Amino acid sequence: MVLCLYLQTPMKKTKVLIGQAGVSFPNAVITPLCCPSRSSLLSGRYPHNHLVRNNSLEGNCSSLAWQKSQEPLAFPSYLQRQGYQTFYAGKYLNQYGHPAAGGVQHVPLGWTYWNGLVRNSRYYNYTLSANGREEQHGQHYQNDYLTDLITNRSLEFLQKWSHPPFLMVLAPPAAHSPWTAAPGYAMAYSTTKAPRNGSFNVHGKHWLVRQARSPMANTSIEFLDKAYRERWQTLLSVDDLVERVVGRLKALDLLASTYVFYTSDNGYHAGQFSLPIDKRQLYEFDIRVPLLVRGPGIKANQTRLPILNIDLGPTFLDIAGLNVSQTAMDGQSFLPLLVMLAWRADFLVQYTGEGLPTGDPACPALGPGVSQCFPDCVCEDAFNNTYACVRALHPHSLQYCEFADRQAFVELYNLTADPHQLHNVARRVDPTLLEALNQRLIKLQACEGPSCRA
């Protein structure tokens, strides 16, 4: 059996029940934005192969084209055909349920029991597609708080379908905005502030990062600290979810035979390089996410090499006895990594920037082409915040990135010597290294299936 918890930073109970009972990976996503990253997790493919560019319908997020070309190739379709009972609850893709893409009647292929959130993250006042039927929810905590509703429905599924095999994916909104905590946790972390270490409140290198004010305005710091606290508050309900689901698996005598995965779709920054809050950047703070796994044959308290979110689907198929090489997936199963050390030497990070064609009305002085300009008119994205990177793991820990802008801007970081990526050394290294990394980047951007796994 497979249970995937699609979440963010693990809390205390989660660390004990999953991390300490199994293996922790320094995981990475291959694009730091919700819909493209989730599309990669589902399909096991890099963005240049599944073609989801951003969170918009025009950017192929849950579009009719995605539904036709990628959903039949996603891991739930394979597992359902293999005889798995499949259950999904929570956020799917940002544009799911859009009237122009099938509305709530569309149930993605592969899901036997479907509780899909319509559009983006909400905690109250949202719409679900319950097996293709519209289900409206209000703002009553007991009936509507989405994280708890996901918990309760997952427990009902386990009680009803406790015979193997099953796949259950739980995708609560935490810790996504609007950061609405459950009533019992609304006062937690009242004095907590975002960490002030590393690249916090430091001037950056690329023009988009350089436009941020350094040092940040007090209003920006107050804003990001408040967001940081509220994100942690929402995650306390996720910690409860983990405790209750693991407890139910144990009560049903299923825990020892079930793989449990805990991960997320993108990282997040809070003041790094003076950017108040968001994702979308190439740096470690936006492409790193937790990955904790427990299950049959996995020894407790292990830490292993980084894997990617495109490896999750292939791993699920491997658990089910399916041959990943017969699929279109770019990732590879990491089950062999639990008994050996050999693994990929590098991977690709991609992002397609978004901007407003007429500028941000709240920040008219900035002009067109930028977006996500809050607070204090600090912009987190732009059309030419479009980049591709090689993230080398060994023999040297490097990140080499090329931007699709008029400057043809290049960034190179030695993460062994500079883990916070404060020093761009692209102009200081041997040009033959830059050439080698450029050629590797070209190959990765053209890879598909077996050539990505090579």
Side-chain angles (χ1 to χ4, degrees), residues 25-32 40 46-49 198-199 202-210 266-267 269 272-273 275 279-289 304-311 330-332 334 337 340-353 382 384-454:
F25 293 93
N27 192 28
V29 296
I30 41 73
T31 186
S40 287
Y46 278 117
H48 68 267
N49 289 327
S199 57
V202 171
H203 208 50
K205 303 297 185 290
H206 182 248
W207 78 266
L208 180 65
V209 182
R210 288 200 310 269
N266 51 255
H269 56 257
Q272 284 72 35
F273 292 128
L275 298 170
K279 46 236 180 182
R280 296 178 170 85
Q281 307 306 322
L282 59 90
Y283 308 104
E284 292 284 285
F285 47 71
D286 280 0
I287 66 170
R288 289 287 188 176
V289 296
R304 291 287 182 168
L305 296 174
I307 70 152
L308 310 179
N309 57 349
I310 59 172
D311 298 327
D330 301 329
Q332 52 192 313
F334 60 81
L337 185 59
M340 66 179 187
L341 294 178
W343 194 236
R344 62 168 58 87
D346 55 23
F347 61 89
L348 175 66
V349 177
Q350 300 169 291
Y351 180 68
T352 302
N384 62 355
N385 185 39
T386 296
Y387 55 79
C389 308
V390 176
R391 177 64 173 90
L393 301 171
H394 57 83
H396 304 288
S397 183
L398 304 172
Q399 186 167 14
Y400 169 84
C401 301
E402 296 180 359
F403 282 82
D405 60 12
R406 286 181 293 181
Q407 294 179 328
F409 195 77
V410 172
E411 295 189 50
L412 175 63
Y413 297 97
N414 178 345
L415 281 93
T416 302
D418 179 25
H420 299 295
Q421 296 169 288
L422 299 173
H423 307 290
N424 181 7
V425 297
R427 295 185 178 181
R428 287 184 265 161
V429 299
D430 188 331
T432 59
L433 174 60
L434 296 179
E435 177 64 22
L437 290 167
N438 167 266
Q439 291 303 306
R440 181 58 180 156
L441 179 59
I442 291 171
K443 288 184 178 180
L444 283 171
Q445 287 181 288
C447 78
E448 185 174 7
S451 60
C452 296
R453 298 192 294 265

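None of the values given here were measured: they were computed from a predicted structure. We count residues from 1, following the sequence as given.
- Atom CG in L393 sits 12.0 Å away from atom CD1 in I307 (nearest 0.5 Å).
- Evaluation of the salt bridge (charged side-chain N to carboxylate O under 4.0 Å, His left out) rule for D346 yields R440 as partners, not counting sequence neighbours.
- Using modelled atom types, one side-chain atom of D286 and one backbone atom of Q281 make a donor-acceptor pair closer than 3.5 Å.
- Remark: T432 pairs with D430 by the side-chain contact (heavy atoms from CB on, under 4.5 Å) rule, at least two apart or across chains.
- Taking both residues in full, the closest heavy atoms of Y413 and Q421 are given as CE2-O, 3.3 Å, listed atom of the first, atom of the second, then distance.
- Between F403 and N384, the shortest heavy-atom contact is CD2-O, 3.9 Å.
- Atom SG of residue C401 and atom CZ of residue F409 lie 10.0 Å apart, to the nearest 0.5 angstrom.
- Remark: F25 pairs with F334 by the ring-ring contact (aromatic ring centres under 6.0 Å, His included) rule, at least two apart or across chains.
- Sorted by first then second residue, the disulfide (SG to SG under 2.5 Å) pairs that include residues 423-454, not counting sequence neighbours, are C447-C452.
- Just one residue in the list V349, L308, I287, I310 forms a side chain to side chain contact (heavy atoms under 4.5 Å, CB included) with V29, and that residue is I287.
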Can you give me every donor-acceptor pair (side chain of residues 422-429, partner residue at least two apart or in another chain, under 3.5 Å) with its distance?
| unit_1 | atom_1 | unit_2 | atom_2 | d |
| --- | --- | --- | --- | --- |
| N424 | OD1 | L412 | N | 2.9 |
| N424 | OD1 | A426 | N | 3.2 |
| N424 | ND2 | V410 | O | 3.1 |

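- For the pair Y387 (side chain) and L282 (backbone), a donor-acceptor distance under 3.5 Å is present.
- Rounding to the nearest 0.5 angstrom, the gap separating the NZ atom in K279 from the OH atom in Y351 is 9.5 Å.
- Within the 4.5 Å cutoff, the side chain of S199 has heavy atoms near those of the F285 side chain.
- The two atoms that bring F273 and H420 nearest to each other are CZ-O, 3.8 Å, heavy atoms only.
- Remark: H203 pairs with R210, S214 by the side-chain contact (heavy atoms from CB on, under 4.5 Å) rule, at least two apart or across chains.
- The side chain to side chain donor-acceptor pair (under 3.5 Å) search around E284 returns R288, R391, not counting sequence neighbours.
- Here side-chain hydrogen bond (donor to acceptor under 3.5 Å, both in side chains) pairs that include residues 444-454, with residues two or more places apart or in two chains, are R45-E448.
- Rounding to the nearest 0.5 Å places CD1 of I442 at 11.5 Å from CG of L437.
- A side-chain donor-acceptor contact under 3.5 Å links Y46 to the backbone of L348.
- Note that the NZ atom of K443 and the CG atom of L441 stand 12.0 Å from one another [nearest 0.5 Å].
- Using modelled atom types, one side-chain atom of T386 and one backbone atom of G353 make a donor-acceptor pair closer than 3.5 Å.
- For E411, the salt bridge (charged side-chain N to carboxylate O under 4.0 Å, His left out) test picks out no residue, with sequence neighbours left out.
- In this view, D311 and R344 satisfy the salt bridge (charged side-chain N to carboxylate O under 4.0 Å, His left out) rule, not counting sequence neighbours.
- The CD atom of Q439 lies 12.0 Å from the CG atom of L434; values are rounded to the nearest 0.5 Å.
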Exercise for the section: Output, in order, the C-alpha distance, side-chain angles, deciding distance and verdict of side chain to side chain contact (heavy atoms under 4.5 Å, CB included) for Q350 and I30. Expected result: CA-CA 6 Å; Q350 300 169 291; I30 41 73; 5.7 Å; no

Exercise for the section: Please test H206 against D405 for side chain to side chain contact (heavy atoms under 4.5 Å, CB included), starting from the C-alpha separation and ending with a verdict. Expected result: CA-CA 11 Å; H206 182 248; D405 60 12; 3.4 Å; yes

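- In terms of heavy-atom proximity, W343 sits nearest to Q332 at CH2-CG, 3.5 Å.
- Evaluation of the side chain to side chain donor-acceptor pair (under 3.5 Å) rule for Q407 yields no partner, not counting sequence neighbours.
- The side chain to side chain donor-acceptor pair (under 3.5 Å) search around N438 returns E402, not counting sequence neighbours.
- In terms of modelled atom types and a separation under 3.5 Å, the side chain of N414 and the main chain of L398 share no donor-acceptor contact.
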